[in-house]
Amino acid sequence: MLDVRILREAPDRLEEGLRRRGLTIDIASLAGRERRRRDLSGQVDEFKARRNRASAEIAQLKKAGQPAEALLGEMKSAAERIRSLDEEIGGLEREIWDAFLTIPNLPHPGVPTGSDERGNREVRRFGESRLGGTARPHWEVGERLGIVDFERASKIAGARFSVFIGAGARLERALIDFMLDLHTREFGYTEVSPPLLVNRESLVGTGQLPKFEEELFKVEGGSLFLIPTAEVPVTNLHRDEILDEGSLPRAYAAYTPCFRREAGAYGRDTRGLIRQHQFDKVELVRISRPEESYNELERLVSHAEEVLKRLDLPYRVVELCTGDLGFSAAKTYDIEVWMQGQGEGGAYREISSCSNCEAFQARRASIRYRPAGKKGTEFVHTLNGSGLAVGRTVAAILENFQSEDGSVAVPKALRDYMGGMDSIRKKT
RNA sequence: GGAGAGAUGGCCGAGCUGGUUGAAGGCGCCUGACUCGAAAUCAGGUGUGGGGGCAACUCCACCGGGGGUUCGAAUCCCUCUCUCUCCGCCA
């Protein structure tokens, strides 16, 4: 959430930021309500001050055994006034608050303006396709090997689910271990294993609610939701906390399954592992001082990239334009892995998304710290990124490491995690 | 699931027969004095958010969340959430 004060201090900046995202909202009306709220709030504060003074007097009079009827009567009418003012203020506050909960973060000034993914900017590439030409899509590779089964998954659960079997399941587990080990041992992340069900407050804190409820699975008979990403429970670890400055930056790595309705994606990626209702992900979350957060973002991306480098998977890093930016993000890098089996001759597909949310989530979730030498508290900046999406990594390995004979080589970095297995072959 | 107890400042912990209690006391932390230095001791300070003011400062709100009673609520009532104890059930 943005700071409401932007309405009176920098409405132009608000309008400009939203315009770059392709949004227009009635800022003047909101600003008017904020002015009115502030005005009434000043008035009611005065009434309350008077009431507090009178209360002390009444206490004195009663103590001295003197009559206080005159004051009592006077305060009775003041109480009425206070009540009605408070009511109006409360209404205005709710309106403004509700509006702000649905206003996205403002893009960082350096983010390119654009309306959709065509406006994104490629930042760098790494690696080259090892195969070239056309290759089988991962669902074919996986099904032929008998390590991924979509048909049985849909029997068990429905469309957009998959089952890993045998070496497929082992590969998935190996990737999770490999990623967590890399991030915790080499990059200093603290491993977290959070709840997979979270309450409303947590989802409001990171920005999924109130606006994107239709994307979430809600548990029947309760008020809990399945997490769409570990970003939710992990960032909310520190909701309503004031962190020690010395403990920043904090870095967490969490492996969790993620659950998404994919409500707006009817025709897209209907085959394969790319878009599932349930998928595994190793998520990275960093919490930093505001002045450090853009350095932290570069660090975060480099950590996610390192996974792909060690797996010998080619990729590129793309900076999202304003129109492609997520709700809570001020700046986002997507990492797109090369997938040899997609389309004609391969394609880059998103495998990680690394964002700096600046104070947007921190303000919603009230995560602060005490800056040394300054009075008071300040909101931290929160960052998150996939490090990486496991299902898509499996898919990328199947497509990029497939051989003519249908087998799939195991990337070197993964072999120890696979019990020494160097390739996945069909069981005979 | 049944019965009971409780949620107060960074922590522990009073207050809960409604009226200088933003909140005693202790611990912790910060500053000063003492000391070559430290410990100990002594003195002072030490919540968050919002409004006004250049500032000193001042006003308002906040004692788990929400609502109510009252001139006035940490204190009374309702409700929700969470925690603890005992019983039952269970990975």
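By convention in this document, chain letters (A, B, ...) are assigned in the order of the sequence lines, proteins followed by strands, and residues within each chain are numbered from 1.
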Between [options], which nucleotide gets closest to the side-chain atoms of [X]?
| X | options | result |
| --- | --- | --- |
| A:Ile242 | B:rC71, B:rU48, B:rG51 | B:rU48 |
| A:Ser55 | B:rA61, B:rG51, B:rG19 | B:rG19 |
| A:Arg83 | B:rG51, B:rC71, B:rU69 | B:rU69 |

For the pair made of [atom1] in [X] and [atom2] in [N], what is the distance, rounded to whole Å?
| X | N | atom1 | atom2 | answer |
| --- | --- | --- | --- | --- |
| A:Glu201 | B:rG64 | CD | C1' | 13 Å |
| A:Glu241 | B:rC11 | CD | P | 11 Å |
| A:Leu72 | B:rU70 | CG | P | 12 Å |
| A:Leu61 | B:rU20 | CG | P | 14 Å |
| A:Arg94 | B:rG67 | CZ | C1' | 12 Å |
| A:Asn199 | B:rG65 | CG | P | 16 Å |
| A:Asp86 | B:rG68 | CG | P | 10 Å |
| A:Arg81 | B:rC71 | CZ | P | 18 Å |

For a quick test of reading the model: is some side-chain N or O of [X] closer than 4.0 Å to OP1 or OP2 of [N]?
| X | N | answer |
| --- | --- | --- |
| A:Arg53 | B:rC71 | no |
| A:Thr377 | B:rU48 | no |
| A:Asn52 | B:rC60 | yes |
| A:Arg370 | B:rC29 | no |
| A:Arg200 | B:rU81 | no |

In the structure shown, which nucleotide is the Watson-Crick or G-U wobble counterpart of [N], with both distances under 3.5 Å?
| N | answer |
| --- | --- |
| B:rU85 | B:rA3 |
| B:rU21 | none |
| B:rG37 | none |
| B:rG49 | B:rC60 |
| B:rC27 | B:rG10 |
| B:rC90 | none |
| B:rA74 | none |

Review point. With sequence neighbours left out, which residue pairs that include part of residues 353-382 of chain A fulfil the ring pair (Phe, Tyr, Trp, His ring centres under 6.0 Å) condition?
Key: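 Non-adjacent pairs meeting ring pair (Phe, Tyr, Trp, His ring centres under 6.0 Å): A:Phe327-A:Phe360.
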Review point. Contact class for A:Ala79 vs. all strands (heavy atom < 4.0 Å): base, sugar-phosphate, or nothing?
Key: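 Since only primed, P, OP1 and OP2 atoms lie under 4.0 Å of A:Ala79, the category is sugar-phosphate.
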Check your understanding: Any chance the rings of A:His277 and A:Phe161 have centres within less than 6.0 Å?
Key ->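 A:His277 vs A:Phe161: aromatic centres under 6.0 Å.
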Practice item. Enumerate the residues from residues 31-50 of chain A whose closest heavy atom to RNA chain B is under 4.0 Å, giving them by residue number; use none for an empty result. Key: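 Hits under 4.0 Å, by residue number: A:Arg38, A:Asp45, A:Lys48, A:Ala49.
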Verify whether one side chain among [X] and [Y] offers a donor that lies under 3.5 Å from an acceptor in the other.
| X | Y | result |
| --- | --- | --- |
| A:Ser293 | A:Arg289 | no |
| A:Asp177 | A:Tyr255 | no |
| A:Ser423 | A:Arg425 | yes |
| A:Asn199 | A:Ser202 | yes |

Exercise for review: Considering only atom P, compute the distance from B:rC42 to B:rG26 and round it to an integer number of Å.
Suggested key: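 Straight-line distance between the two P atoms is 11 Å.
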Check your understanding: Does anything in residues 211-227 of chain A pair up under side chain to side chain donor-acceptor pair (under 3.5 Å), and if so which pairs, sequence neighbours excluded?
Key ->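 Pairs touching residues 211-227 of chain A that pass the test: A:Arg200-A:Glu213.
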Check your understanding: Between A:Glu378 and A:Ile58, who's closer to the 5' end of RNA chain B by nearest nucleotide?
Key ->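 Comparing both residues, the 5'-ward one is A:Glu378.
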Check your understanding: In terms of ring plane angle, is the pair A:Tyr189 and A:Phe187 parallel, tilted or perpendicular, where the classes change at 30° and 60°?
Key ->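 It falls in the perpendicular class, over 60°.
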**Study point:** Heavy-atom closest contact (A:Leu320 atom, A:Asp324 atom, distance)
**Key:**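 What the structure gives for the nearest pair is CD1-O, 3.5 Å.
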